[in-house]
Amino acid sequence: MEAQIRVVHNEASIIIDSPQTFISFDQRYALKGYPIPCELFFKPIPEVMMMIESSGIVEIDPDFTRYSTESGVCSILLIPQTGYSNEKMIRLFSNVLVKFNLA
């Protein structure tokens with residue numbers, strides 16, 4: 001079965017959407033090189049966080065990583081690294097959804 005991932009751009013965010021869940025990050029911050037607020041609409045296992053961190057695109061700031069059991073949303077702050085681009089982030093998050101059967 002082929003993954004069904006849709007990328008939605010709006011004024012503030014880029015959303016990587018699948019039938020099961022989605023990931024959203026604020027592109028306004030990213031374009032200026034600022035830390036990027038990001039929300040994962042699922043509880044990430046350590047392997048998800050390791051995949052994001054080891055990508056070389058961003059680093060995760062652990063001091064600003066929170067999971068809300070009430071809403072089921074994990075908020076993380078991503079620090080862009082040299083070579084960052086929105087296209088690389090979209091590809092990374094799409095791969096996360098596919099690899100962990102969330103697409």
Side-chain angles (χ1 to χ4, degrees):
M1 178 181 227
E2 192 172 316
Q4 298 177 12
I5 295 175
R6 195 171 60 111
V7 178
V8 179
H9 297 262
N10 66 34
E11 187 177 298
S13 299
I14 295 177
I15 300 165
I16 297 86
D17 188 25
S18 77
Q20 293 182 45
T21 192
F22 64 95
I23 299 171
S24 170
F25 67 96
D26 194 319
Q27 66 180 345
R28 297 171 301 176
Y29 290 80
L31 292 174
K32 293 185 177 226
Y34 298 159
I36 308 162
C38 178
E39 293 180 324
L40 310 173
F41 286 79
F42 58 92
K43 184 175 183 176
I45 58 174
E47 291 83 2
V48 168
M49 301 303 260
M50 286 176 49
M51 185 174 176
I52 294 169
E53 183 83 22
S54 68
S55 71
I57 301 166
V58 292
E59 287 183 8
I60 297 172
D61 187 330
D63 293 333
F64 294 93
T65 299
R66 303 284 181 270
Y67 178 73
S68 168
T69 54
E70 199 170 286
S71 65
V73 176
C74 181
S75 298
I76 58 178
L77 191 64
L78 303 173
I79 313 301
Q81 300 301 296
T82 304
Y84 171 89
S85 74
N86 285 342
E87 292 75 26
K88 289 178 183 177
M89 284 291 287
I90 291 167
R91 195 168 34 252
L92 170 63
F93 285 142
S94 296
N95 290 341
V96 164
L97 292 177
V98 170
K99 181 173 181 164
F100 295 99
N101 297 315
L102 297 168

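Numbering starts at 1 and runs along the sequence shown. Nothing here was measured: the structure is a model prediction, and the numbers come from that model.
For the residue pair N95 and M51, the shortest heavy atom distance occurs at CB-CE, 3.8 Å. The minimum heavy-atom distance between P44 and F42, with the atom names listed, is CD-O, 3.1 Å. For the pair V58 and P80, the tightest heavy-atom approach, listed with the atom from each and the gap, is CG1-CA, 4.0 Å. Contact record, Q81 with G56: CB-O, 3.3 Å, taken as the closest heavy-atom pair. When all heavy atoms of G83 and K88 are compared, the pair lying nearest together is O-NZ, 2.7 Å. The two residues R66 and D63 have their closest heavy-atom pair at NH2-O, 3.0 Å.
Note that CD1 of I16 is 5.5 Å distant from CD1 of I90, once rounded to the nearest 0.5 Å. Between the SG atom in C74 and the CE atom in M49 there is a gap of 4.5 Å [rounded to 0.5 Å]. The CD1 atom of I23 lies 7.5 Å from the CG atom of L102; values are rounded to the nearest 0.5 Å. Distance OG/S18 to CD1/I5: 6.5 Å, rounded to 0.5 Å.
When side chains are defined from C-beta on, L97 does not count as touching F22, because their heavy atoms never get closer than 4.5 Å. Taking 4.5 Å as the limit, some side-chain heavy atom of M89 sits within range of a side-chain heavy atom of L78.
A single hydrophobic cluster is seen to contain both V96 and Y84, as judged by linkage of ILVMFWY side chains at heavy-atom distances under 4.5 Å, directly or through other members. With hydrophobic clusters built from ILVMFWY side chains whose heavy atoms lie under 4.5 angstrom apart, V7 shares a cluster with F25. No path of Ile, Leu, Val, Met, Phe, Trp and Tyr side chains, each step under 4.5 Å between heavy atoms, connects L92 with L77, placing them in separate hydrophobic clusters. When the side chains of ILVMFWY residues are joined at heavy-atom separations under 4.5 Å, either directly or via intervening members, V48 and I60 end up in a single hydrophobic cluster. Under the 4.5 Å side-chain contact rule for hydrophobic residues, V98 and I45 share a cluster.
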Test L40 against Y67 for side chain to side chain contact (heavy atoms under 4.5 Å, CB included), laying out the working first.
CA-CA 9 Å; L40 310 173; Y67 178 73; over 6 Å; no

Take F93 and I14 through the side chain to side chain contact (heavy atoms under 4.5 Å, CB included) test and state the conclusion after the steps.
CA-CA 11 Å; F93 285 142; I14 295 177; over 6 Å; no

Going through the checks in order, is the side chain to side chain contact (heavy atoms under 4.5 Å, CB included) test met by I57 and R91?
CA-CA 11 Å; I57 301 166; R91 195 168 34 252; over 6 Å; no

Show your working on side chain to side chain contact (heavy atoms under 4.5 Å, CB included) between N86 and H9 and close with a plain yes or no.
CA-CA 11 Å; N86 285 342; H9 297 262; over 6 Å; no

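The backbone N or O of I36 sits nowhere less than 3.5 Å from a side-chain atom of Q27 that would complete a donor-acceptor pair. The main-chain N or O of D17 is never found under 3.5 Å from a side-chain atom of T21 such that the two would form a donor-acceptor pair. Using a distance-only test at 3.5 Å, with no hydrogens or angles considered, no donor-acceptor pair links the side chain of S68 to the main chain of V73.
Applying the 6.0 Å contact sphere to OH of Y29 captures no more than 12 heavy atoms from other residues, nucleotides or ligands.
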